[in-house]
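The next block holds one structure in the form of C-alpha cells; read it before the comments.
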Amino acid sequence: MPEQPEPLESYEEGRAIAPTGAGGASDLATAEGETLEKTPGGPQGTGPDKKPRSLWSDAWHDLRRNPIFIVSGLVILFLVVISIWPQLIASGDPLDCDLSKAQEGSQPGHPFGFNGQGCDVYTRTVYGARTSVTVGVLATLGVAVLGSILGGLAGFFGGAWDGVLSRITDVFFAIPVVLGGLVLLSVVTSSTVWPVIGFMVLLGWPQLSRIARGSVITAKQNDYVQAARALGASNSRMLLRHITPNAIAPVIVVATIALGTYIALEATLSYLGVGLKPPTVSWGIDISSASQYIRNAPHMLLWPAGALAITVLAFIMLGDAVRDALDPKLR
C-alpha cells in the first residue's frame, strides 16, 4: 500500500490547521468567512453593523451625485434668492420709465436696454422672477395638497366616494386649460396673482388626485398595511403612519415637474391678456408687450423669454432627477 502522507500541522494565531482532501479549500473558505465577519459592514458596507438606508436617504444619496440635480438646484436657488431680495442684483425700480429712451439698446448701467415704455429691461426681468416663482410655488402647493387629500381618501376608502371622484376628474380633464383660462379669467379685473393661482388649482388638482389615488391603492395592498389592520390600527393611523410615507413619492415627482409647467402657464395667460395685468411685473406681460417690436428691438423679447425658458427648464430637470432617484425600478 502507498504510504500515507504524514499529517502536517501549521499554527496561525495559535490554532492548528490540518490539511484536507480538498487541498485546504475548506480552511481558506473558513478563514475568508471569518475575515468578512470581522470587517465592519461586510464586503460592501451592508453588514449587520450598518443600518440599511431608507428610500428617502437612498434618494438623497443619489441626488447628491447627480449633476443634473446640482445644476438645476443651483439655478432654482438663485431664482428663489432674487425673488425674495431682487434688490441684491437690481437697484432700480421696474416701474420707473423714461419715454425718451424707449426701445434703446444696451447702455452703461442698463445692460438689457429699454422696452417700449422706456423701462429698464434688466430690472423688470429680475423683478419678474418674483411673480413667476410665487405663482408656480403657491399653485403647486395648492394642487398637491388638494389633489393628494381627495385622491388619497378615494384610493383608501374606495366605493361610492371613489366612483364620484373619478367622474368629477373626468369632467375637469375634458376642459382645455388655455380655453378655460380665457373664459374664467376674462371676467376677473384684479391685478393680483390670486385669481391666476386659484384657476391653476381648480384645473390642476385632478392630475395629482389620480396619481395619489393609484399610489394609495398600491400601498394599502402591502403586507405591513394588512398586518397593521389585523392588529386593530385605525384608519387614520394607517393613512398617516403606513400609507402616506410610502405613497407620497410619485406625488412629489409630478408636483416638481408641474411647477415649471405652471410658471409657463402663467406666462401664457399673461401673454394672452387674461392672466396678470399691469402694473404687475411679469415675464408674460413683458413678452406680450415686446412681441410687436420684435423686428426693431428684439432685445425686449429676448431677455424675459430667455429667463422664462431657463426657469421652466430648471424645474423640469429637477423633477426628472427626483423621479430617477425615487423610482425603485431604476435601481
Side-chain angles (χ1 to χ4, degrees), residues 71-140 185 188-197 200 259-260 262-315 317-318:
V71 173
S72 60
L74 291 176
V75 173
I76 293 172
L77 178 61
F78 174 74
L79 290 171
V80 172
V81 171
I82 67 173
S83 298
I84 301 175
W85 301 289
Q87 62 274 12
L88 291 177
I89 61 174
S91 57
D93 186 354
L95 301 179
D96 185 11
C97 305
D98 186 359
L99 284 175
S100 62
K101 298 181 180 180
Q103 302 184 36
E104 292 186 2
S106 176
Q107 298 179 6
H110 306 279
F112 293 175
F114 300 87
N115 64 6
Q117 301 297 323
C119 303
D120 184 27
V121 176
Y122 171 77
T123 304
R124 292 186 63 86
T125 301
V126 172
Y127 276 82
R130 171 183 291 180
T131 304
S132 297
V133 172
T134 300
V135 171
V137 171
L138 294 181
T140 301
L185 295 178
V188 177
T189 58
S190 175
S191 60
T192 63
V193 299
W194 297 111
V196 179
I197 294 174
M200 293 182 182
L259 201 156
Y262 293 141
I263 293 177
L265 178 59
E266 177 272 320
T268 302
L269 295 175
S270 299
Y271 177 84
L272 295 175
V274 297
L276 302 179
K277 301 175 178 61
T280 304
V281 180
S282 168
W283 290 334
I285 295 176
D286 289 348
I287 293 173
S288 177
S289 61
S291 60
Q292 54 184 327
Y293 305 106
I294 189 172
R295 291 185 178 181
N296 299 328
H299 66 275
M300 295 171 49
L301 178 65
L302 174 64
W303 297 109
L308 175 63
I310 292 174
T311 301
V312 174
L313 180 62
F315 279 106
M317 291 172 57
L318 179 68

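Atoms considered below: every heavy atom in the structure, side chains included; atoms not considered: hydrogens, waters and symmetry mates. All of these numbers come straight from a predicted model, not from anything done at the bench.
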| task | Of all the heavy-atom pairs spanning S72 and A314, show the shortest one and how long it is. | result | CB-O, 3.4 Å

| message | If you compare all heavy atoms of S132 against all heavy atoms of E266, which two are closest, and at what distance to 0.1 Å? | response | OG-OE1, 3.6 Å

| remark: Note: V121 and P304 closest approach over all heavy atoms is CG1-CD, 4.3 Å

| Shortest non-hydrogen contact between I285 and T280, atoms and distance | CD1-O, 3.3 Å

| query | If you measure from OG1 on T125 to CG on L308, what distance do you get to the nearest 0.5 Å? | reply | 11.0 Å

| message | More than 12 heavy atoms of other residues, nucleotides or ligands under 6.0 Å from CD of Q117: yes or no? | response | no

| Euclidean distance, S282 OG relative to R124 CZ, rounded to 0.5 Å | 9.0 Å

| Spacing of N115 atom CG and W303 atom CH2 [to the nearest 0.5 Å] | 15.0 Å

| field | S288: side chain to side chain contact (heavy atoms under 4.5 Å, CB included) partners, not counting sequence neighbours | value | Y271

| query | Sub-3.5 Å donor-acceptor pair from the side chain of T131 to the main-chain atoms of V281, do we have one? | reply | yes

| remark: Smallest heavy-atom separation, Y262 atom then M200 atom, equals O-CE, 3.3 Å

| Do you know which two heavy atoms are closest between T123 and P94, and how far apart they sit? | CG2-N, 3.6 Å

| field | Full working for side chain to side chain contact (heavy atoms under 4.5 Å, CB included) between W194 and L138 | value | CA-CA 9 Å; W194 297 111; L138 294 181; 3.8 Å; yes

| said: Using modelled atom types and a 3.5 Å cut-off, is there a donor and acceptor pairing between side-chain atoms of H299 and backbone atoms of E104? | reply: yes

| query | For the residue pair F112 and Y122, does the interplanar ring angle fall in the parallel (under 30°), tilted (30 to 60°) or perpendicular (over 60°) class? | reply | perpendicular

| field | Test side chain to side chain contact (heavy atoms under 4.5 Å, CB included) applied to L88 and I82, step by step | value | CA-CA 7 Å; L88 291 177; I82 67 173; 5.9 Å; no

| message | So, taking the atom named CG in L79 and the one named CZ in F315, what distance separates them when rounded to the nearest 0.5 Å? | response | 6.5 Å

| task | Show your reasoning for whether side chain to side chain contact (heavy atoms under 4.5 Å, CB included) applies to D120 and D96. | result | CA-CA 8 Å; D120 184 27; D96 185 11; over 6 Å; no

